[in-house]
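Here is the structure we will look at, set down as structure tokens.
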Amino acid sequence: MRDDEPVIDPKLLKPYNPKDTEDRIYKLWEDSGFFNPDVCIEKGTIKEDAEPFTLIMPPTNANGSLHAGHGLVMAIEDLIVRYKRMRGFKTLWLPGLDHAGFETQVVYERKLEKEGRTRFGMDKNELYKEILDFTLHNSKNINGQVRKMGSSCDWSREKFTLDDNVVKTVYQTFKKLYDDELVYRGNRIVSWCTKHQTSFSDLEIKDEERVEPYYYLKYGPFVISTSRPETKFGDKYVVMHPSDERYKEYKDGQKIDLEWINGPITATIIKDESIDMEFGTGVMTITPWHDSVDFEIAERRGLEKEQIIDENGKLLPIAGEFTEMNIKKARPLIIEKLQSKGLVEKIDENYKHVVRTCYKCGTILEPQIKNQWFIKMKPLAEKALEIIQNDKIKYIPEHYKKITVHWLLNIMDWNISRQIVWGIPIPAKICVKCGNGMVDLENKISKCEKCKGEVKQDPDTFDTWFSSGQWPFATLGYPDNKDFKTYYPTDVMETAGEIIFFWVSRMIMLGLYVTGKIPFKTVYLHGLVLDAKGQKMSKSKGNVIDPLILTDKYGTDAFRIGLIIGNTPGTSLSLSEDKIRAYKNYANKLWNITRFVLSNIDEVEYEEDFDNYSKKDKELLKEQDKLIEEITKEMDEYKFYIVGEKIYQYTWSRFADVILEESKKIFASTSEKEIISRKQFLLHTLDKILKILHPFMPFVTEEIWQTMKKGSSLLMVEKWPASTDASQGGPIQND
RNA sequence: GCGCGAUUAGCUCAGUUGGUAGAGCAACCCGUUUACACCGGGAAGGUCGGGGGUUCGAGUCCCUCAUCGCGCACCA
């Protein structure tokens, strides 16, 4: 070895090995404390008066392990956060866990089922404790996997939806809604899952198209049609349009006697304008307890409502001989009986219609009248609409704005009561006598405020989205916490487009309602991660890609940038192993570029002297500055897929294939000026590439940085490159 | 029924305000020249879903149709 031969770290002589690197680098970051903006200020990497940048992580459901969708969240959000941190913002990325009420309970019930147990009949407290243990155990696992992805979130601020202070905020919001008469307890039609024994909001429903027989039945002088004869036992109102000429001989309120399923009944004629004369015979009977349209008519007209089907999907005594029978079993038998009585006009065997099913188990949801808590959404939605229509919140991609507006304009009241154990208990008392509900945060109410009757604790829990809908301000300690004052409103809400209504829109409404401010300025929505064939991943199809297998095989960096490049917001992404492999090669390419640059340079630290650059290198620098300028602009516009491609192109096709090759010739020449200039340029460029690439591929870039700088600084808190002739290093120059 | 997307090279997708079609992967040919074979060089590959319109000029704007995907509302 000659004296002037540079000493290359022997590590660089072998291909880049993520396995030897990632855990060590993550520990280096975590130990540095720089994930916490307070530490950044303390150690001087960020100015105290720097502009804050806040991103609240969608709280991970603590009921399983990391899937490809989480991988995408981490890749995108960590990219955003690392970029902002390097731009000099006081950057907070707050991680969290969601107890995920019903979702988790379903997962846990499956586990119980496998063990031959069931939640029904279990002691409530016992069940709660078991699910809590399960959740806490999973959360450790999940957090380990979030770390594996390289996430630079502030663990010291981690929140759980069941933390005392979060629950306190949720309770106060509930009370405020109650005091403002925006939450009410009332008997309303809800969608009831007979398997899970709980009601849902209008969102937890999956519509399924089915072909089923459709029955035309003789109801006295009328013919009515139905796909659900088993609900018809109690039908004693027959409704038609007041101006329907066919039925003008009948008067509103008129009683008629007729033979029905279980014998003679007296029916009442109702004339109502909500009836569509064009549909069928223009006559229908109503079942207010099990149909929302019928319920609405009955409410409006003050008609009686009678329950026909119980909570288990079995017929009640009104069904006579069919009592206790499961509706599925009862239907053909009822039709048989009707046929024998000559009451079936005809049957259409190929009737196509949509049934509402439980989005988890596919069980047909039974509309039932239930006394539950509902939030009046119209007033909340109106405020949100005003904000959204005035573009106070930026949607990426834009068309989600339209989708949100459309939903808000047609919003329904939100049922927030769930009949499950796993969740935040509703702090309310229910009157045993009159059913009145009273919010009671201090547990002081002992008699009904309306009828002085006895009260009991509401046994229900909140819809999990009611608590997560308050996540941005609940996590930051609304209203008095310093973090709330510094970091709210947050900057970006990055999450799956799928939960635009469930979560994003409700956060906007509740955020505006509680804090009076928008909860975030930008909504960035990503699509689904599909398999290589473009199929949705599902356990039953067996095409689920485990992100940890891919990171293990190709490295986290390769996985991350593979999720970014070729992925535009809002559209789904096909994930193929070929693609990830290609970026593994890219990480190695960068590694070898470093080896070439360092092995040709005698001094690792050069004073940058652009004036003495050769003419050629000045041109190259100009080209590079232009690229940096473009890239920075695109980063600010959240066009990461473009930046990823550009930096990939530049490093590989431009820097490696052309500039490095050309450098070999220059280094063999005799012009000292050109040699020095080129060496400076190579080092300058490597520095810029590492910085730009860091948010995309944090591990390999940091590892190279550590090798070059011999551990004297951390790339994650270096400044984002500005072009050499323009200052654009961020909102605040921190030097 | 209403709404929102998508349709560009074999595959996955870019294509900013209309100005000669791009990338990655795969496939093909050549090449072991000490940064890298987890590589290099080269060539090939598209009437931008169909039709119509606006324009000097359309992948891009307008209309229409088709196919696929996704929401919302559903009707007794």
Side-chain angles (χ1 to χ4, degrees), chain A residues 8 12-17 202-203 205 207 209 214-217 224-228 231-232 235 238-240 272 274-276 278-287 290-294 297 351 353-356 397-407 409-412 497-498 500-501 527-528 530 532-534 536 554-555 558 561-562 565-568 570-600 630 633-634 637 639 641-642 644-646 648-649 652-653 655-657 660-661 663-664 682:
Chain A
I8 288 289
L12 284 168
L13 297 175
K14 283 182 265 170
Y16 171 62
N17 185 350
D202 54 306
L203 290 178
I205 286 169
D207 286 343
E209 194 163 89
Y214 192 63
Y215 308 97
Y216 291 81
L217 308 175
I224 58 156
S225 51
T226 183
S227 59
R228 303 205 56 197
T231 63
K232 295 285 159 198
D235 287 12
V238 57
V239 194
M240 59 211 74
D272 196 280
S274 65
I275 296 295
D276 179 0
E278 307 294 312
F279 187 83
T281 56
V283 181
M284 71 173 192
T285 60
I286 59 168
T287 316
H290 301 290
D291 185 287
S292 56
V293 175
D294 296 2
I297 295 172
Y351 183 66
H353 71 146
V354 169
V355 294
R356 309 190 125 189
E398 267 174 34
H399 73 261
Y400 274 99
K401 178 184 154 182
K402 284 189 209 165
I403 293 174
T404 302
V405 166
H406 185 254
W407 183 72
L409 287 171
N410 297 293
I411 200 158
M412 289 187 266
E498 263 188 320
I500 177 99
F501 307 139
L528 294 168
L530 308 175
K533 288 176 194 153
K536 193 167 176 171
Y554 303 108
I561 197 167
I565 293 181
N567 184 12
T568 36
T571 56
S572 50
L573 166 82
S574 296
L575 186 63
S576 74
E577 230 176 293
D578 280 347
K579 192 173 165 190
I580 308 299
R581 193 187 309 115
Y583 294 116
K584 177 187 192 279
N585 297 348
Y586 178 54
N588 192 54
K589 186 75 183 178
L590 192 66
W591 194 251
N592 285 300
I593 286 170
T594 306
R595 188 202 303 180
F596 177 84
V597 172
L598 296 187
S599 64
N600 281 290
E630 275 171 34
K633 187 166 168 274
E634 283 153 355
E637 291 167 352
K639 292 179 180 168
Y641 57 103
I642 292 179
E645 252 186 73
K646 279 190 178 169
Y648 178 98
Q649 284 298 313
W652 202 316
S653 310
F655 191 54
D657 290 347
L660 293 192
E661 290 306 319
S663 303
K664 290 175 187 171
L682 294 187

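Residue numbers start from 1 in every chain, and the chains themselves are labelled A, B, ... in the order their sequence lines are given, proteins ahead of strands. Keep in mind the model is a prediction, meaning the values are calculated, not measured.
- Gly280(A) comes within contact range of no nucleotide atom at all, as no heavy-atom separation falls under 4.0 Å.
- Among the protein residues, Phe501(A) comes within range of the sugar-phosphate backbone only, with heavy atoms under 4.0 Å from sugar or phosphate atoms but none that close to a base.
- Looking at which nucleotide of RNA chain B each of Ile286(A) and Phe655(A) is closest to, the 5′-most match is held by Phe655(A).
- Counting 5' to 3', RNA chain B first comes under 4.0 angstrom of a heavy atom of chain A and last does so at the ends given by rC4(B) to rA76(B).
- With both ends at atom P, the span from rC63(B) to rC28(B) equals 46 Å, rounded to whole Å.
- Here, rG22(B) and rC62(B) have their P atoms 25 Å apart, quoted to the whole Å.
- Base contact: Ala656(A) has a heavy atom under 4.0 Å from a base atom.
- In this structure, CE on Met284(A) lies 7.0 Å from CG on Asp291(A), to the nearest 0.5 angstrom.
- Residue contacts shown for Asp294(A) are absent, as no nucleic acid heavy atom lies under 4.0 Å away.
- Among the heavy atoms of the strands, none lies under 4.0 Å from Tyr16(A).
- Across all strands, Thr226(A) comes closer than 4.0 Å only to sugar-phosphate atoms, never to a base (heavy-atom distances).
- Distance check: Ile642(A) CD1 to Thr568(A) OG1 gives 9.5 Å after rounding to the nearest 0.5 Å.
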Dot-bracket, RNA chain B: Watson-Crick or G-U, under 3.5 angstrom, [ ] crossing, | other strand? (((((((..((((.....[..))))..((((.......))))......(((((..]....))))))))))))....
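- Using C1' as the reference atom, rG1(B) and rA14(B) are 35 Å apart when rounded to the nearest Å.
- Residues satisfying the side-chain hydrogen bond (donor to acceptor under 3.5 Å, both in side chains) criterion with Glu645(A), sequence neighbours excluded, are absent altogether.
- With both ends at atom P, the span from rG40(B) to rA27(B) equals 16 Å, rounded to whole Å.
- Note on Thr287(A): nothing from the nucleic acid sits closer than 4.0 angstrom, heavy atoms only.
- Nucleic acid contact class of Tyr586(A) (heavy atoms, under 4.0 Å, all strands): none.
- The closest donor-acceptor contact from the side chain of Lys584(A) to the backbone of Ala558(A) lies at 3.5 Å or more, if one exists at all.
- Comparing the C1' positions of rA44(B) and rU32(B) gives an interatomic distance of 25 Å, to the nearest angstrom.
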If you apply the rule side chain to side chain contact (heavy atoms under 4.5 Å, CB included), what do you find for Tyr554(A) with Tyr583(A), and how did you get there? CA-CA 8 Å; Tyr554(A) 303 108; Tyr583(A) 294 116; over 6 Å; no
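- Using the six-membered ring where Trp is involved, Tyr648(A) and Trp652(A) have ring planes that are tilted, between 30° and 60° apart.
- In this structure, Lys664(A) reaches the bases: a heavy-atom distance under 4.0 Å links it to at least one base atom across the strands shown.
- Contacts of Asp276(A) with the nucleic acid, taken as non-hydrogen atoms under 4.0 Å apart, include base atoms.
- Residue Lys402(A) is in sugar-phosphate contact alone, with no base atom involved, counting any heavy-atom pair closer than 4.0 Å across all strands shown.
- Counting non-hydrogen atoms under 4.0 angstrom, Tyr351(A) reaches the backbone sugars and phosphates but no base.
- Separating the P atom of rU17(B) from that of rG59(B) is a span of 16 Å, rounded to the nearest Å.
- Thr594(A) comes within 4.0 angstrom of no nucleic acid atom, judged by non-hydrogen atoms across all strands.
- Remark: the separation of the C1' atoms in rG18(B) and rC56(B) is 12 Å, to the nearest Å.
- Looking at Arg356(A), its side chain never comes within 3.5 Å of a backbone N or O of Ile205(A) through a donor-acceptor pair.
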Pair Ile275(A)-Val283(A), side chain to side chain contact (heavy atoms under 4.5 Å, CB included): steps then yes or no: CA-CA 8 Å; Ile275(A) 296 295; Val283(A) 181; over 6 Å; no
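- Val293(A) comes within 4.0 angstrom of sugar-phosphate atoms only, judged by non-hydrogen atoms across all strands, and of no base.
- If His399(A) and Gly282(A) are placed on RNA chain B by their nearest nucleotide, the residue sitting closer to the 5' end is His399(A).
- Ser274(A) and Asp272(A) share a side-chain donor-acceptor pair at under 3.5 Å.
- Of the possible polar contacts, none joining the Trp591(A) side chain to the Asn17(A) backbone as a donor-acceptor pair under 3.5 Å is found.
- Distance check on atom P: rU12(B) versus rC2(B) gives 31 Å, rounded to whole Å.
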Test side chain to side chain contact (heavy atoms under 4.5 Å, CB included) applied to Ile403(A) and Phe501(A), step by step: CA-CA 9 Å; Ile403(A) 293 174; Phe501(A) 307 139; 3.5 Å; yes
